[in-house]
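In what follows, a structure is listed as structure tokens, so that the remarks can point back to it.
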Number of protein chains: 2
Amino acid sequence: MAISLRQLRALVAAVETGSFGRAAARLHLSQPALTVQIRGLEEALGLTLFERSARGVRPTAAGLGTAQAFRRVLDALDEVVAGAREQAAGRSGTVHLAVLPSVAATLLPAALVRLRQAHPGIRVLVQDVVAGRVAERVKAGEAELGIGTLPGPDASLEAEPLFEDDLVAVLPPGHALAAAACLTPAILSAEPLVLTDPGSSVRALAERAFAEAGLVLRPAYEATYMSTAVALVRAGLGIGVLPAAALDLRLAPVLQTLPIAASAMRRGILLLRRRGGSLSPAAEALVEAVRHTLPGSGVAAS
Amino acid sequence: MAISLRQLRALVAAVETGSFGRAAARLHLSQPALTVQIRGLEEALGLTLFERSARGVRPTAAGLGTAQAFRRVLDALDEVVAGAREQAAGRSGTVHLAVLPSVAATLLPAALVRLRQAHPGIRVLVQDVVAGRVAERVKAGEAELGIGTLPGPDASLEAEPLFEDDLVAVLPPGHALAAAACLTPAILSAEPLVLTDPGSSVRALAERAFAEAGLVLRPAYEATYMSTAVALVRAGLGIGVLPAAALDLRLAPVLQTLPIAASAMRRGILLLRRRGGSLSPAAEALVEAVRHTLPGSGVAAS
DNA sequence: GATGGCCATAAGAAACCTCTATGACTGCTC
DNA sequence: GAGCAGTCATAGAGGTTTCTTATGGCCATC
């Protein structure tokens with residue numbers, strides 16, 4: 001009654017070779033085994049698929065048509081299986097990645113280039129969301145991986161530190177403080193500052209650092225996008241307090257950065273994944289590429 | 001390593017129900033059996049298809065995609081199987097039928113109408129070929145069934161008599177011989193005759209009947225097509241010697257037919273099939289329809 | 001802290017599949 | 001025309017797969 005793939009393969013082979021014996025050989029089977037499969041299929045369908053004679057077999061019209069249809073089904077199945085095995089081998093697949101915009105704009109492109117070199121078939125769907133959202137996306141399963149910060153420990157997420165991202169002071173060309181080795185919140189609070197919007201993780205970090213020094217952060221300028229903030233600094237409007245990783249100095253080579261002496265001025269950028277959920281091979285490959293593109297790995301751009 | 005339909009069905013059911021337990025119930029299986037199938041599929045593909053937790057399972061992206069693809073494969077297979085079962089039930093299918101033109105023009109349409117009423121899904125491909133070719137087509141397997149004459153016994157063909165086809169004299173309106181009850185070759189040989197071409201089975205039959213009476217058949221008119229011969233008769237050019245079955249008097253109601261007293265004047269019309277080859281259900285249905293439409297069955301048109 | 005839901009594992013039983021050996025039949029060759 | 005080669009069908013034994021029942025672990029909920 002039930003139909004099996006063996007039967008489909010048997011019918012296709014028998015029709016294509018024109019002989020039960022040759023079909024059996026093609027399938028690495030004994031001839032009786034193939035006979036049994038064909039007979040079972042005929043019973044399951046209630047159809048005569050072959051005319052038998054002592055000289056051989058001849059497919060009936062129904063046998064011919066059914067074999068062709070089965071052939072298409074088997075081909076489709078083979079294609080699906082081959083695709084799945086491609087994914088399994090990490091040669092193809094799709095990774096949904098939630099990532100901080102700042103990382104997406106700096107670290108990520110190099111990692112993706114590296115990934116493409118090793119695994120050209122892998123597709124990465126980048127969701128650049130603000131810091132708090134990265135963990136959300138991963139928790140909800142909307143992203144398989146996340147790169148961002150983690151407000152607190154979370155039982156359902158697994159976090160691996162990728163690198164530390166320091167907030168640095170970004171000085172416009174020729175600024176008076178450029179000769180200093182290191183700045184402090186106290187020094188900075190006397191200067192016009194350029195920061196990102198309230199609510200961003202960078203802003204929260206900076207506010208906390210200032211608060212620890214007993215100061216209140218009052219930026220002269222705020223911008224939503226990092227690139228806007230950098231442009232404001234470059235125009236000489238103030239000193240930027242921005243994450244080092246988000247600054248691509250190749251894009252603004254005239255700027256100078258200085259460390260800020262404050263304990264809270266660094267945040268850990270983590271690789272986030274759902275706890276207990278094993279990564280797809282494609283995601284594994286992406287993780288590999290990201291690890292090898294870290295600031296400290298010697299491979300990445302400055 | 002190998003993949004089975006059970007595994008495909010298990011994956012599709014598991015993804016669609018979102019639970020191994022419900023999937024097992026849908027497939028009338030125990031839950032462990034389904035677990036094993038999924039596991040086997042994961043091993044065969046080398047892919048993790050579900051994230052397991054104590055609270056249940058969740059398909060991975062790969063599991064979701066693979067399930068959708070498998071779904072399409074299974075649907076295609078189901079369709080093929082359903083089609084094959086339709087054929088098996090005689091509700092659909094295609095019959096290749098070789099048939100004498102004279103029969104094709106007269107008996108066959110009624111039989112096909114009857115067939116369509118009983119089995120609307122069956123397609124009949126009619127090959128109308130001259131008498132000698134009918135047996136050829138069937139022997140070569142180009143036609144599953146034949147309706148025609150058989151020159152001699154043939155070991156590879158099975159023949160079942162359908163009806164006897166008499167050659168009759170066809171008289172134009174108001175002919176002098178119309179009052180006779182029966183004609184003879186001797187009487188006919190004195191009249192201008194209309195026959196079919198030399199080489200046709202009808203012509204050969206008539207020649208043999210005349211020869212038995214010691215006469216030579218010399219038609220005044222010859223035509224390839226039966227309809228042409230009938231037209232010549234209707235025009236009053238002579239008396240037709242034509243097969244009764246081939247005459248549809250509804251098309252030429254003014255004509256009168258008279259029997260011819262001669263032993264050789266009838267030929268058996270046979271239903272031909274390959275010996276040993278069982279008929280497809282569709283062909284069986286056609287045979288049934290033909291048998292019930294025979295001249296003597298009381299169902300057919302005159 | 002007990003309970004219910006869900007999945008994984010294990011062991012025994014049943015079903016299926018395959019293989020070897022053999023038989024039946026046909027067509028060809030000597 | 002008798003033997004031979006080729007083809008498929010059948011039968012019985014053996015092995016593998018697959019199923020079911022029973023059980024355990026884990027988490028969430030009450």
Open item on the list: Closest approach to the side chain of A:Ala54, judged atom by atom: which nucleotide of C:dC7, C:dT26, D:dA22 is it?
Closed with: C:dT26
Open item on the list: Mind checking if B:Val57 touches a base, just sugar-phosphate, or nothing, with heavy atoms under 4.0 Å?
Closed with: sugar-phosphate
- [ ] Report yes if at least one side-chain N or O of B:Thr35 is closer than 4.0 Å to OP1 or OP2 of C:dA8; otherwise report no.
- [x] yes
Task: Options C:dT9, D:dA11, C:dT18, nucleotide nearest the side-chain atoms of B:Arg39 - done: C:dT9
Task: Any B:Arg6 side-chain N or O less than 4.0 Å from OP1/OP2 of D:dT18 - done: no
TODO: Give the nucleotide from the list C:dA21, D:dA28, D:dT7 with an atom nearest to the side chain of A:Arg22.
DONE: D:dT7
TODO: Decide, yes or no, whether a salt bridge links A:Glu16 with A:Arg26 under the criterion of side-chain N to carboxylate O below 4.0 Å.
DONE: yes
Open item on the list: Using a 4.0 Å heavy-atom cut-off, does B:Ala33 contact any base of the nucleic acid, only the sugar-phosphate backbone, or nothing at all?
Closed with: base
Open item on the list: Output the rounded distance in Å from CG (A:Leu34) to C1' (D:dT7).
Closed with: 13 Å
TODO: Check every strand shown and say whether A:Gln37 touches a base, only sugar-phosphate, or nothing at a heavy-atom separation below 4.0 Å.
DONE: sugar-phosphate
Task: Donor-acceptor pair, side chain of A:Glu42 and main chain of A:Phe50, under 3.5 angstrom - done: yes
- [ ] For A:Glu51 and C:dC25, give me the distance from atom CD to atom P, rounded to whole Å.
- [x] 19 Å
